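Keep in mind that this is a model prediction, so the values were computed, not measured. As a basis for the values below, the full set of heavy atoms in this structure was taken, side chains included, without hydrogen atoms, waters or symmetry mates.
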Amino acid sequence: MILVTNDDGIHALGLRALAEALTPLGEVYVVAPDREQSAVGHALTLHRPLRVDRLGERRFAVNGTPSDCVNLGVLGLLPEPPVLVVSGINHGSNLGDDVTYSGTVSAAMEGTLLGVPSMAVSQVEGEAGGFESAGRIAEMVAARVLVEGLPAKTLLNVNVPRGEIRGVRMTRLGHRVYRDKMVQEVDPRGRPYYWIGTGPPEWQEDEASDIAAVHAGWASVTPLHLDLTHFGALGRMSEWEGSLNALLRKRPR
Ligand code: MN
């Protein structure tokens with residue numbers, strides 16, 4: 001049983017393409033948000049009830065986030081727990097530092113945290129359709145994951161260019177150059193309003209990155225690790241513990 005979800009919503013063409021592409025690998029269940037949830041990141045809905053609309057035998061719409069959908073799917077909506085969670089095919093790439101905002105990638109993170117091998121699939125210029133290459137890559141990578149599994153706390157972030165691709169590259173996350181400006185205007189009632197995230201993203205040059213691979217026409221597969229601990233820094237900063245505690249004892253409140 002394979003759980004498919006996304007952040008573009010239950011009616012997105014990329015979701016349908018992904019479900020079709022994975023059908024040869026097992027029984028595909030679709031549990032997806034009832035509307036677009038792009039850039040909601042890893043949000044969970046905890047302060048209102050979730051409702052599930054059954055749209056087909058193995059197709060469910062949820063009034064929640066991608067991570068909600070994965071929780072419902074893994075924790076009991078499906079007749080048995082899925083052996084794989086695949087999120088996508090996102091309409092647009094999820095590269096480099098942007099993965100931290102991505103609902104698509106967060107759904108795969110959630111699957112990983114729940115102990116199910118998980119991957120996210122995104123397509124450059126996905127709004128324009130044409131998911132043949134991305135679907136084929138998704139199926140190939142998913143088949144390999146089903147055979148080999150993934151390391152603990154590890155998910156795969158897959159990005160595929162639109163149209164013909166040169167092949168597949170294993171990559172690392174690239175890094176954004178933040179030059180964004182905040183746009184401030186005044187609304188018709190005289191109150192200020194703001195826009196963030198305007199303008200095209202800029203990226204650090206790095207041949208081994210997911211960004212460089214996709215820009216050069218390759219499909220990119222990046223293993224991501226969910227233990228965010230920086231073990232080097234933890235070692236280097238170990239003495240902070242003693243000095244912070246000394247300070248605490250000196251100045252009781
Ligand atoms: Mn999206």
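One N or O on the side chain of Thr154 and one on the backbone of Ala152 form a donor-acceptor pair closer than 3.5 Å. Formation of a donor-acceptor pair under 3.5 Å by the Asn159 side chain with backbone atoms of Ser93 is not found in this model. In terms of modelled atom types and a separation under 3.5 Å, the side chain of Ser133 and the main chain of Gly163 share a donor-acceptor contact. One N or O on the side chain of Arg54 and one on the backbone of Glu57 form a donor-acceptor pair closer than 3.5 Å. Here the side chain of Asp210 pairs no donor or acceptor atom with the backbone of Ser220 at under 3.5 angstrom. Judged by distance alone, the side chain of Thr23 and the main-chain N or O of Ala19 form a donor-acceptor pair under 3.5 Å. The backbone N or O of Asp227 sits nowhere less than 3.5 Å from a side-chain atom of Thr229 that would complete a donor-acceptor pair.
Atom CD1 of Ile196 has 12 or fewer neighbouring heavy atoms from other residues, nucleotides or ligands inside a 6.0 Å radius. When the shell of 6.0 Å around CD of Glu241 is examined, it contains 12 or fewer heavy atoms from other residues, nucleotides or ligands.
Contacts of Arg166 classified as salt bridge (charged side-chain N to carboxylate O under 4.0 Å, His left out), with partners at least two apart in sequence or in another chain: none. With sequence neighbours excluded, no residue satisfies salt bridge (charged side-chain N to carboxylate O under 4.0 Å, His left out) with Arg236. In this structure, Glu239 has no salt bridge (charged side-chain N to carboxylate O under 4.0 Å, His left out) partners at least two apart in sequence or on a different chain. The side-chain contact (heavy atoms from CB on, under 4.5 Å) test applied to Ser67 returns His42, Leu44, Thr65, Ser106, Glu110, not counting sequence neighbours. In this view, Glu36 satisfies the salt bridge (charged side-chain N to carboxylate O under 4.0 Å, His left out) rule with no residue, not counting sequence neighbours.
If you take CZ on Arg144 and CD on Glu139, they are separated by 14.5 Å, rounding to the nearest 0.5 Å. Note that OG1 of Thr222 is 8.0 Å distant from CG of Leu95, once rounded to the nearest 0.5 Å. Atom CG in Leu150 sits 8.0 Å away from atom CG in Leu155 (nearest 0.5 Å). Taken to the nearest 0.5 Å, the CG atom of Leu114 stands 5.5 Å off from the CG atom of Leu75. Distance check, rounded to the nearest 0.5 Å: CG of Asn245 to NZ of Lys250 gives 12.5 Å.
Note on Val30 and Leu50: separate hydrophobic clusters, where clusters join Ile, Leu, Val, Met, Phe, Trp and Tyr whose side-chain heavy atoms are under 4.5 Å apart, directly or indirectly. Linking ILVMFWY residues whenever their side-chain heavy atoms come closer than 4.5 Å, directly or via other members, leaves Met170 and Trp218 in distinct clusters. Follow the hydrophobic side-chain contacts under 4.5 Å out from Val158 and you never reach Leu173; the two are in separate clusters. Under the 4.5 Å side-chain heavy-atom criterion for Ile, Leu, Val, Met, Phe, Trp and Tyr, Leu18 and Ile165 are members of the same hydrophobic cluster. Tracing side-chain contacts under 4.5 Å through hydrophobic residues (I, L, V, M, F, W, Y), one never reaches Val70 starting from Leu113; they form parts of separate clusters.
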Inset, instruction - Evaluate side chain to side chain contact (heavy atoms under 4.5 Å, CB included) for Leu156 paired with Leu224, printing each intermediate quantity in order. - result: CA-CA 6 Å; Leu156 298 181; Leu224 301 181; over 6 Å; no
Inset, instruction - Given side chain to side chain donor-acceptor pair (under 3.5 Å), test Asn94 with Ser102 step by step and report yes or no. - result: CA-CA 7 Å; Asn94 279 301; Ser102 167; 3.2 Å; yes
Inset, instruction - Any chance you could lay out the side chain to side chain donor-acceptor pair (under 3.5 Å) test for Ser87 and Asn6, step after step, and finish with the verdict? - result: CA-CA 5 Å; Ser87 175; Asn6 75 345; over 6 Å; no
Inset, instruction - List the steps and the verdict of side chain to side chain contact (heavy atoms under 4.5 Å, CB included) for Val121 and Met119. - result: CA-CA 7 Å; Val121 185; Met119 51 188 271; 3.8 Å; yes
Legend entry - Verdict with supporting geometry, Val62 and Asp34, side chain to side chain contact (heavy atoms under 4.5 Å, CB included): CA-CA 5 Å; Val62 178; Asp34 63 359; over 6 Å; no
Legend entry - Test log, rule side chain to side chain contact (heavy atoms under 4.5 Å, CB included), inputs Val141 and Val168: CA-CA 10 Å; Val141 175; Val168 182; 5.7 Å; no
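The side-chain heavy atoms of Arg48 and Asn63, taken from C-beta on, include a pair separated by under 4.5 Å. Here the side chains of Pro33 and Ile10 are not in contact, with every heavy-atom distance at 4.5 Å or above. Contact annotation: the side chain of Ser209 never approaches that of Thr171 to less than 4.5 Å [non-hydrogen atoms, C-beta and beyond]. Between Met1 and Val83 there is no side-chain heavy-atom pair separated by less than 4.5 Å. Considering only heavy atoms from C-beta on, Val31 comes within 4.5 Å of Leu78 through its side chain. Residues Leu3 and Val74 have side chains in contact (heavy-atom distance under 4.5 Å, counting atoms from C-beta outward). Side-chain contact between Val40 and Pro66 is present, with heavy atoms from C-beta onward closer than 4.5 Å.
Scanning all heavy atoms of the two residues, the minimum distance from Ile211 to Gly174 falls at CD1-CA, 3.6 Å. Of all the heavy atoms in Pro192 and Gln184, the pair that sits closest is CB-NE2, 3.9 Å. Closest of all the heavy-atom pairs between Arg162 and Val124 is CB-O, 3.5 Å. Between Cys69 and Thr5 the shortest heavy-atom distance is CB-OG1, 3.6 Å. A pairwise comparison of heavy atoms in Ala138 and Leu22 identifies O-CD2, 4.0 Å as the closest pair. Of all heavy-atom pairs spanning Leu55 and Ala61, the tightest one is CD1-CB, 3.9 Å.
Between Thr104 and Asp7, the side chains place a donor N or O and an acceptor N or O closer than 3.5 Å (distance only, hydrogens not considered).
Grouped with Trp195 in one hydrophobic cluster are Val183, Tyr193, the linkage being side-chain heavy-atom contacts under 4.5 Å among Ile, Leu, Val, Met, Phe, Trp and Tyr residues.
Within the structure, salt bridge (Lys or Arg N to Asp or Glu O under 4.0 Å) contacts touching residues 87-99 (residues at least two apart or in different chains) are Asp98-Arg176. Applying the salt bridge (Lys or Arg N to Asp or Glu O under 4.0 Å) test to pairs two or more places apart or on separate chains, those with a residue in residues 13-31 are Glu27-Arg58. Counting only residues at least two apart or on different chains, the salt bridge (Lys or Arg N to Asp or Glu O under 4.0 Å) pairs with a member in residues 187-202 are Arg179-Glu202. Within the structure, ring-ring contact (aromatic ring centres under 6.0 Å, His included) contacts touching residues 5-38 (residues at least two apart or in different chains) do not occur. Within the structure, ring-ring contact (aromatic ring centres under 6.0 Å, His included) pairs that include any residue of residues 136-179 do not occur (at least two apart or interchain). Residue pairs that meet the ring-ring contact (aromatic ring centres under 6.0 Å, His included) test with at least one member in residues 63-122, sequence neighbours left out, are His91-Phe131.
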